[in-house]
Amino acid sequence: MIKIFRLKNVISIKDFEKEDINYILNEANKLENIAKSKDKSEALSGKILGMMFFEPSTRTRLSFETAMKRLGGNCVGFQNSNTSSVVKGESLADTAKMLEGYSDALVIRHDLEGVSRFISEIVDVPVVNAGDGAGQHPTQTLLDLYTMKKEFGEIEGLKVALIGDLKYGRTVHSLVYALALYGVEMTFVSPEELKMPKDVIHDLKKNNIRIKETNNIKDVINDVDVLYVTRIQKERFPDIEDYLKIKGAYLIDKKLVENKNLIVMHPLPRIDEISTDIDNTKYNKYFEQAYNAIPVRMAILKNIIQNNVKK
Amino acid sequence: MIKIFRLKNVISIKDFEKEDINYILNEANKLENIAKSKDKSEALSGKILGMMFFEPSTRTRLSFETAMKRLGGNCVGFQNSNTSSVVKGESLADTAKMLEGYSDALVIRHDLEGVSRFISEIVDVPVVNAGDGAGQHPTQTLLDLYTMKKEFGEIEGLKVALIGDLKYGRTVHSLVYALALYGVEMTFVSPEELKMPKDVIHDLKKNNIRIKETNNIKDVINDVDVLYVTRIQKERFPDIEDYLKIKGAYLIDKKLVENKNLIVMHPLPRIDEISTDIDNTKYNKYFEQAYNAIPVRMAILKNIIQNNVKK
Amino acid sequence: MIKIFRLKNVISIKDFEKEDINYILNEANKLENIAKSKDKSEALSGKILGMMFFEPSTRTRLSFETAMKRLGGNCVGFQNSNTSSVVKGESLADTAKMLEGYSDALVIRHDLEGVSRFISEIVDVPVVNAGDGAGQHPTQTLLDLYTMKKEFGEIEGLKVALIGDLKYGRTVHSLVYALALYGVEMTFVSPEELKMPKDVIHDLKKNNIRIKETNNIKDVINDVDVLYVTRIQKERFPDIEDYLKIKGAYLIDKKLVENKNLIVMHPLPRIDEISTDIDNTKYNKYFEQAYNAIPVRMAILKNIIQNNVKK
């Protein structure tokens, strides 16, 4: 185990080596009692997290805020660009330089890929990417891995099926690179229109990762540990009939998972791709996964802020 | 006096017995110095209040936030549904389950009656109803009672006139049930169109509460301790002439209350149902009442959060 | 040096004597390590700042929040009038009286001149004007002075050129009165349409302040310590051609300032009146100036809140 978290910024899961990930998962585990307010912490007392959310987000924004506050820290920032100086025509760079002066780290959500990386290059404080366009969402990946590890003890050797919209979802694009580091056997289950992009497949194969692709969930349901479900958006289909057909074929319900030895995960929000009849079963790990955002984001914030000295 | 606050959730004033109310009023009184920041408190340090405000509200939202922060705690949440995941079609239940994972208690404001009760049944953390549609607003009632008690020493034996829109106002619907517990003599003063609903009258009479109804404020002005004024909304009247006539007849001004032995209360916001010439007189207790939200909501949050162990 | 900050409210820079300003600048300097989170402070722990932002503002709002939180305090409030009770027709006075009950000081931003003064007269807690219409923005002036003092050691004897829109900018209107207290030599550089108002010129001349006016930046560039740049808004010009011509003539770029012995300041947001080729040069002090909002606003909040006892 490494002795210190080695990254200054958390921009892409591709910047992580396996032991960087393990370090965060281990730190998150140590923070569980604080995440549940059984213990108090003053670890980040007096520290300020700058929140630049140019794109709406409830879950991600609130969980970063909660993580910061559970550690005794505080947050300032904005939630969408129309209540900020951005409406006056200020550049992204200027907005970032301003907020840098106020805070000890920045969390950025933007609908354009690459924005977090760009900002990390012009400010001195650490930067966390909270989702940039179709790009990366590395802290989501870390909490997904944490959920698997909590459930199975080890990530190595798991069989994971990723289901739904594999083409546009940044969540799955981040996740597969991390799973690859652990040699996880992956199956990609999606309609033809929403298959995993070719460059991702190429990257995985180059690293000798065993992957399978199918459009039929029945092909994997009997031999899988994790069903990682994502939302299929109506807007992706020109013909509503196509959408309705696919929606039915990819519905995860109690009947499908019953007597199987698996868990169901979902980055949320869920619309109707998972039936609520799973909510009160042992298969449901998506609410636990939502909670896991807290200890994992606490671990990230605590480490990057404490490792950095503000100029 | 009971030794501990016995309710897990604060959903409806009808769930309270008299000694539960007395317990909160007594606790609020003990927290006055912290509410005015003469003393500091770390009672809820490390704790997070989840704020689900689906309906706009300044006063209620800010007073809950203030109450939490005066006790050393913190808040996360959203103020209206269009900046939250709700716009992506997420169910109310999923949103609540998510925020449950982040927080130690939830405060909910919604325009539909019953939403707070519903959520309290699916989450493990305590839930506070901060107003649900035409339903209940129990913490408003508690601070109204606290205001009367602070002023008169006892609630028992008071004569209270409720004035204005008694048909649609959730504030008065909550309040009368609580006043009934103290055997308060009530007079309902309203235009014919906005009378107290029959089922409320029925409930009160069943419990042998002395109530009077009138549409003329002059009938009560000489023999009353509290004028509890509520806003009459223009929208309730198809004919604007009707509204203007009634508005004039229900205006509370200095001339009306002068030399009377009474106080004027109002849940605020006030538009013009109370003349500002009362603001600087001894009759005005509505600003004090607004402040009383802090110690009372502190008492509620402190007790429900400290009595509950987060899973 | 005076022993205590003598103002209860911070409404207009015209209420300050030179030693009141010096007191704040000195206090700000002592708070630098806390502003940069090298030290922790609990100076305002348990205290609440009430934020009444009727007009959008990112920089000012976030820096007040940051200042409060760096000192261990907290904030409640609203950012624009349409999410507040104001939409229900509540008066400004009632909104202020409500928030007074919750907080230890109020910060007010409004698009009408005089609003902060009005509110300071009806509430007991200290009030800070965070910009009211074309009126005053005194805390901006204090941080501008702090920036100059940090850079040059003394404000006395400096030569300052104020450039751009001198007619409508409240920032410069506040600043010149303060610079006058220090006997600063000022040059006002603006197009004919946007000259410094006559009453301001009159006030300065009455106090024997040396001022010059010009529309050509070349007249001052060789003999000035500070270029204080403000934005020229397109909306001020009926004819877009006029605007474009002026915009070009007032652009501050590297070529203009190179080999000069001066610094460039700007209250931000900047659009394109300062070329980004200055950003990475020693002339750029506008980002430092943005950061200086934190120690200066900390000094103000700490002093006015600690000097006042809440009733």
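Reminder, nothing fancy here: chain letters follow the sequence lines and each chain counts from 1.
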Check: Knowing that exactly one of B:R61, B:E65, B:M68 qualifies, which makes a side chain to side chain contact (heavy atoms under 4.5 Å, CB included) with C:V76?
Finding: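 Filter result, single survivor: B:E65.
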Check: Do B:T58 and C:L99 have side chains that get closer than 4.5 Å, going by heavy atoms?
Finding: no
Note to self: Could you tell me if the side chain of C:E90 sits less than 4.5 Å from the side chain of B:R59, heavy atoms only?
What the structure shows: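 Yes - at least one pair of side-chain heavy atoms lies under 4.5 Å apart.
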Between [atom1] of [X] and [atom2] of [Y], what distance do you get to the nearest 0.5 Å?
| X | Y | atom1 | atom2 | answer |
| --- | --- | --- | --- | --- |
| B:R70 | C:S103 | CZ | OG | 7.0 Å |
| C:D94 | B:Y286 | CG | OH | 7.5 Å |
| B:D279 | C:K97 | CG | NZ | 8.0 Å |
| B:R270 | C:S91 | CZ | OG | 6.0 Å |

So what's closer than 4.5 Å to chain C heavy atoms on [X]: side chain, backbone, both or neither?
| X | result |
| --- | --- |
| B:D39 | neither |
| B:L62 | both |
| B:K36 | both |

Notebook entry, point to check: When you look at B:S37 and C:K47, which way does the side chain to side chain donor-acceptor pair (under 3.5 Å) test go after all the steps?
Noted result: CA-CA 6 Å; B:S37 79; C:K47 303 294 183 184; 3.2 Å; yes
Note to self: Check whether B:K38 reaches the backbone of C:V309 with its side chain - one donor and one acceptor, N or O, closer than 3.5 Å.
What the structure shows: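 Answer holds: no.
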Check: What pair of heavy atoms forms the shortest contact from B:E42 to C:S45, and how long is it?
Finding: OE2-OG, 4.4 Å
Next item on the list: Quick one: closest heavy-atom pair of B:T66 and C:Y102, and the distance?
Entry: CG2-O, 3.2 Å
